[in-house]
Amino acid sequence: MSVATIVSAPLTSSNIRSLSIISSSSFSPINSFKCSSFVVKLTTTTLLRNPNFRFSASAMSVAAQENLSQTAFLDRRETGVLHFVKYHGLGNDFIMVNNLDSIEPKVTPEQAVKLCDRNFGIGADGVIFAMPGYNGTDYTMRIFNSDGSEPEMCGNGVRCFAKFISDLNSLHGKQSFTVHTGAGLIVPEIQDDGKVKVDMGEPVLKASDVPTKIAPNKDESVVKAKIEVDGVNWNVTCVSMGNPHCVTFGTQDDDNLVVDELNLAEVGPKFEHHALFPARTNTEFVQVFSRSHLKMRVWERGAGATLACGTGACAVVVAAILEGRSERKCRVDLPGGPLEIEWREENSHVYMTGPAEVVFYGSVEL
């Protein structure tokens with residue numbers, strides 16, 4: 001994959017700089033370059049892997065950058081070139097693609113894997129496509145994970161999607177959209193403070209619909225049931241937020257998990273690929289600080305360990321309530337920062353509130 005990228009920091013920076021990655025027969029011996037709010041580093045190893053990259057930097061005024069709007073940038077048509085904007089929600093990062101002119105993704109799953117590679121690509125947890133609406137919705141959202149698989153939905157991704165749509169249309173203030181996803185209708189609402197509140201709908205608790213093969217132990221649901229993973233008996237509650245989640249607060253021997261002590265890279269894949277989860281599963285490991293304050297780490301299906309998972313945070317609060325561990329409104333701490341989650345009793349809908357921010361704009365040859 002050949003990269004030809006213009007990278008710029010968010011427009012809120014007092015001095016916006018852009019970094020161009022240009023294919024060339026020679027390169028400048030640049031070790032690092034400070035680019036507003038982030039630093040791009042070029043190591044000797046990177047240069048040896050691909051010596052045909054030359055980095056050049058040029059300053060650009062805020063006014064000049066504002067004249068090149070996101071819409072104008074993404075509307076440029078160049079054969080074999082993908083224009084994108086990278087966003088993140090608490091460090092869960094996505095390559096956002098304006099796909100509003102087609103119902104077919106502009107990137108294949110195989111290309112998504114290469115784009116998401118953090119060493120040889122742009123680097124991201126997934127590629128998200130903003131597509132035309134379906135069955136009366138304003139928009140459709142599809143996503144390819146970093147392994148090329150396609151999940152039903154992504155909570156942090158839908159917040160980034162909402163900000164992306166708002167930025168594309170130069171909208172300001174409180175805005176809401178209806179979004180068709182593989183998990184059904186999702187309604188994100190941009191708040192006055194810039195955060196995004198999302199009506200995630202009702203959680204699915206019926207075991208066969210999550211899906212899980214664990215035998216139901218509370219009506220048709222799986223709540224604090226035993227599952228053996230690599231010789232250890234864990235207590236788990238299974239929830240679907242349009243995608244499957246397995247939530248655990250600890251083992252049968254120790255029901256008070258300390259998540260920072262967990263070897264996530266070792267245990268996470270064993271949950272994800274467990275035979276009791278026919279569609280694989282996202283897994284959340286949770287520590288309880290109080291009835292309104294939880295902490296979690298997540299192993300995401302198709303992405304591995306990530307800094308945040310919005311649907312996972314929603315599933316965690318639902319599971320905590322079902323197990324009698326929390327109130328209906330909680331702060332959930334993730335490695336990338338906190339989310340506010342509420343499971344309302346009156347309509348059984350789960351609401352998630354959190355940030356979504358632009359990282360940079362770029363172009364890449366496919």
Side-chain angles (χ1 to χ4, degrees), residues 69-71 74-75 83-85 87 89 92 94-109 112 126-145 149-192 194-206 209-211 239-245 279 309-311 313-315 318 339 341-356:
S69 69
Q70 183 181 110
T71 303
L74 294 173
D75 281 346
H83 303 298
F84 66 90
V85 185
Y87 281 73
N92 198 190
F94 305 96
I95 300 164
M96 309 297 299
V97 179
N98 181 355
N99 215 118
L100 293 173
D101 58 352
S102 174
I103 60 172
E104 292 298 324
K106 294 181 178 179
V107 171
T108 67
V127 180
I128 294 179
F129 307 91
M131 294 178 148
Y134 176 79
N135 278 352
T137 61
D138 296 320
Y139 302 98
T140 295
M141 180 181 110
R142 289 182 64 182
I143 177 172
F144 292 153
N145 282 326
S149 62
E150 182 172 4
E152 300 85 350
M153 224 283 288
C154 174
N156 285 314
V158 79
R159 294 202 318 277
C160 292
F161 183 95
K163 288 298 289 287
F164 182 52
I165 292 298
S166 178
D167 292 342
L168 278 176
N169 293 284
S170 300
L171 301 177
H172 303 283
K174 205 167 187 177
Q175 305 287 337
S176 65
F177 319 102
T178 55
V179 181
H180 173 74
T181 73
L185 177 66
I186 300 293
V187 185
E189 181 181 82
I190 299 175
Q191 306 294 290
D192 290 329
K195 290 185 179 180
V196 183
K197 182 176 184 177
V198 185
D199 179 351
M200 302 289 286
E202 296 185 44
V204 174
L205 302 176
K206 185 177 179 181
D209 292 338
V210 171
V239 179
S240 172
M241 292 303 306
N243 54 356
H245 293 270
C309 177
T311 55
C314 294
V318 170
L339 288 172
I341 308 294
E342 181 182 8
W343 187 18
R344 290 186 187 170
E345 192 167 9
E346 61 267 27
N347 62 3
S348 198
H349 283 217
V350 180
Y351 295 84
M352 168 189 64
T353 304

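By convention here, the first residue in the shown sequence is residue 1.
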Quick one: do Ile165 and Tyr139 satisfy side chain to side chain contact (heavy atoms under 4.5 Å, CB included)? Show the steps, please.
CA-CA 9 Å; Ile165 292 298; Tyr139 302 98; 3.5 Å; yes

Is there a donor-acceptor contact under 3.5 Å from the side chain of Gln191 to the main chain of Glu189?
yes

Using the rule given for side-chain hydrogen bond (donor to acceptor under 3.5 Å, both in side chains), can you reason through His245 versus Ser240, listing the C-alpha separation, both sets of side-chain angles and the distance that settles it, and then say yes or no?
CA-CA 6 Å; His245 293 270; Ser240 172; over 6 Å; no

Gap separating the CG atom of Leu339 from the CZ atom of Arg159, nearest 0.5 angstrom:
5.0 Å

Do His180 and Leu185 make a side-chain contact, defined as non-hydrogen atoms from C-beta onward lying under 4.5 Å apart?
no

Side-chain touch Met131/Leu100, heavy atoms, less than 4.5 angstrom:
no

Out of curiosity, Lys197 NZ to Ser176 OG, how far, rounded to the nearest 0.5 Å?
12.0 Å

Carefully, step by step, assess Ile143 and Phe94 under the rule side chain to side chain contact (heavy atoms under 4.5 Å, CB included).
CA-CA 9 Å; Ile143 177 172; Phe94 305 96; 3.8 Å; yes

Between Ser348 (side chain) and Glu345 (backbone), is there a donor-acceptor pair under 3.5 Å?
no

Tell me, do Val204 and Val239 make a side-chain contact under 4.5 Å, heavy atoms counted?
no

Under the side chain to side chain contact (heavy atoms under 4.5 Å, CB included) rule, what do Leu205 and Val318 come out as? Steps first, then yes or no, please.
CA-CA 10 Å; Leu205 302 176; Val318 170; 4.0 Å; yes

Minimal heavy-atom distance between Ile190 and Ala162, with the atoms involved, is CD1-O, 3.6 Å

For Asp192, all residues meeting salt bridge (charged side-chain N to carboxylate O under 4.0 Å, His left out), sequence neighbours excluded
none

Gap between atom CD1 of Ile186 and atom CE of Met200 - 0.5 Å precision
5.5 Å

Fit a plane to each ring of Phe164 and Tyr87, take the angle between them on a 0 to 90° scale, and name the class: parallel (under 30°), tilted (30 to 60°) or perpendicular (over 60°).
perpendicular

Glu104 backbone acceptor or donor facing Asn99 side chain under 3.5 Å:
yes

Please confirm whether the backbone N or O of Pro132 pairs with a side-chain atom of Thr140, one donor and one acceptor, at under 3.5 Å?
yes

Interatomic distance, CE@Met352 vs CG@Asn156, rounded to 0.5 Å, equals 6.5 Å

Separation between CG of Asp199 and NE2 of His349, rounded to the nearest 0.5 Å
5.5 Å

Taking it one step at a time, do Val350 and Met241 satisfy side chain to side chain contact (heavy atoms under 4.5 Å, CB included)?
CA-CA 9 Å; Val350 180; Met241 292 303 306; 3.9 Å; yes

Would you say CD1 of Ile103 has more than 12 non-hydrogen atoms from neighbouring residues, nucleotides or ligands within 6.0 angstrom?
no

For Ala356, is there any backbone N or O sitting under 3.5 Å from a side-chain donor or acceptor partner on Lys163?
yes

Please examine the side chains of Val97 and Val127, heavy atoms only from C-beta on, and report whether any two atoms are closer than 4.5 Å.
yes

Heavy-atom side-chain contact between Val196 and Pro355 under 4.5 Å
no

Within a strict 4.5 Å, meaning less than it, do heavy atoms of the Phe144 and Ser149 side chains meet?
no

Return the CE to CD distance between Met141 and Glu152, rounded to the nearest 0.5 Å.
11.0 Å

Within the structure provided, determine whether Cys154 and Asn92 are in side-chain contact (heavy-atom separation under 4.5 Å).
yes

I'd like to know if the side chain of Thr178 reaches the main chain of Asp138, judged simply by a donor and an acceptor atom lying under 3.5 Å from each other, with no hydrogens or angles considered.
yes

Lys106: salt bridge (charged side-chain N to carboxylate O under 4.0 Å, His left out) partners, not counting sequence neighbours
Asp101

Ring center gap for Phe177 and Phe161 short of 6.0 angstrom
no

Determine, stepwise, if the pair Tyr351 / Asn347 fulfils side-chain hydrogen bond (donor to acceptor under 3.5 Å, both in side chains).
CA-CA 11 Å; Tyr351 295 84; Asn347 62 3; 3.1 Å; yes

